[in-house]
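Reviewing the structure listed below.
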Amino acid sequence: MTILGIETSCDETSAAVLRDGTLLSNIVSSQMVHQKYGGVVPELASRAHQLLIVPVVTEALQVAGVSKGDPDAVAVTYGPGLMGALLVGLNFAKALAYGLNIPLIGVNHMQAHIYSNFIDDPRPQYPFLCLIVSGGHTQLVLVRELLQHKLLGETLDDAAGEAYDKVAKMLGLGFPGGPIIDKLAREGNPEYIRFPRSLLGNENFDFSFSGIKTSVLYWLRDNGFRSNDSTQRLPDQQLKDICASFQAAVVDVLVEKTFDAAARFGIKEIAVAGGVSANSELRYRMRQRTDEGRYHVYFPKLEYCTDNAAMIALVGWMKLRTGFVSDLALTPVANLSL
Ligand SMILES: Nc1ncnc2c1ncn2[C@@H]1O[C@H](COP(=O)(O)OP(=O)(O)OP(=O)(O)O)[C@@H](O)[C@H]1O
Ligand SMILES: [Mg+2]
């Protein structure tokens, strides 16, 4: 069974080929056009997907050594994401499914992030908790069995990745900000400023990151720095200290809330997914909390943290094996929930 996966929900155009659960190729083209805007511009993302979709799919097929007519099914993200961006991938997948007369499988992008932990071994055992931390979402999910998800909590305002990107923009750093802050923070003092740990100690498992972001903005203003100004950079060490202090606040909340939920629900298996799961401090702190083997923590390989079609193809295969097939009239759902 050969599955072609397609992902175009945001600013990565990606295609992957999976055969009987084994990944043969995963091509990701990250759109550089957004860098100068400090965030993804939806209209530009749609246009870039339109240019990239054919070459990216062609390369994924070539690398996998399969021809255009070989896939037995096509799996594609149909939400959540940017409407125009989703339309490009979904329409391409529909045309392919129609032309080749093969099943179309619509995949929820957030569900796919969870299963990015199943592309390689070791894989989490059911039931497990998944902390999804991406550019658009921060969600804590209980996965009782294959494709059965219960949302325990989510962000009330900014997503963790969004906070990273906005703070990077304020500090005059580039886009996406997560990897840049991660790198600078390694040489900074995490106790330089104590930014708020919002909603920590609350009864529920919701998150809030806009307070931390605003605190960075106020600190810059109170200390005479204009935000969003790369010509007026903080002294190097101070910049690293702010990055480390901001990251410490975000990671504290993510780690503590996740382990609180694990204790409350008696879960020993914990997976992390989404772009922010590439963060070195989050990886270190989560692994530190495993209490001498009491908990098992899983992270995807770095290339499967941010958007990729490998995770889409994998969930497509999982769904197809349960007998699921989408109607060719499938339309994108920008705010699709889990
Ligand atoms: N090392 C890192 N540390 C912190 N954040 C990171 C790191 N690497 C990437 N990110 C962040 O991950 C985010 C991108 O992740 P991802 O591609 O999963 O998000 P998205 O697809 O845009 O959002 P969603 O999946 O919610 O639709 C960006 O906000 C980026 O800054
Ligand atoms: Mg994503």
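Heads up: numbering here begins at 1 and tracks the sequence. Read the numbers this way: they start at 1 and go in the same order the structure lists the ligands and their atoms.
If you number the atoms of ligand 1 from 1 as listed, the ones under 4.0 Å from a heavy atom of Gly161 come out as 29 (O). Interface atoms of ligand 1 facing Asp182, defined by a heavy-atom separation under 4.0 Å, are 1 (N), 2 (C), 3 (N). Within ligand 1, the atoms closer than 4.0 Å to a non-hydrogen atom of Cys10 are 22 (O), numbered from 1 in the order shown. Interface of Gly275 with ligand 1, defined as ligand atoms under 4.0 Å from a residue heavy atom, comprises 6 (C), 7 (C), 8 (N), 9 (C), 10 (N), 12 (O), 15 (O), 16 (P), 18 (O). The His113 neighbourhood of ligand 1 comprises atoms 18 (O), 25 (O), with distances under 4.0 Å to a heavy atom of that residue.
In this structure, Ser9 has no heavy atom closer than 4.0 Å to ligand 1. Not close to ligand 1: Gly81, with no non-hydrogen atom less than 4.0 angstrom away.
Using cut-offs of 30° and 60° on the angle between ring planes, the pair Phe205 and Phe265 is tilted. Ring geometry for His109 against His113 counts as perpendicular: the plane angle is over 60°, on a 0 to 90° scale with 30° as the lower cut.
The Mg ion (ligand 2) has His109 NE2, His113 NE2, Asp307 OD1 as protein N, O or S atoms under 2.8 Å away.
Checking only distances, Gly136 does come within under 3.5 Å of ligand 1, N or O to N or O.
Contacts of Pro179 with ligand 1, taken as heavy-atom pairs under 4.0 Å, involve both backbone and side chain.
A salt bridge does not link Arg264 with Asp260: none of the charged nitrogens is closer than 4.0 Å to a carboxylate oxygen. With respect to Arg289 and Glu256, a salt bridge is recorded, a charged nitrogen being found less than 4.0 Å from a carboxylate O.
A ring-centre distance under 6.0 Å is not found for Phe128 and Tyr298.
Checked by atom type, the side-chain pair Asp70/Thr2 shows no donor-acceptor distance below 3.5 Å.
The main-chain N or O of Glu187 is never found under 3.5 Å from a side-chain atom of Lys240 such that the two would form a donor-acceptor pair.
For atom 28 (C) of ligand 1, the choice among Ile181, Val167, Asp165 with the nearest heavy atom turns out to be Asp165.
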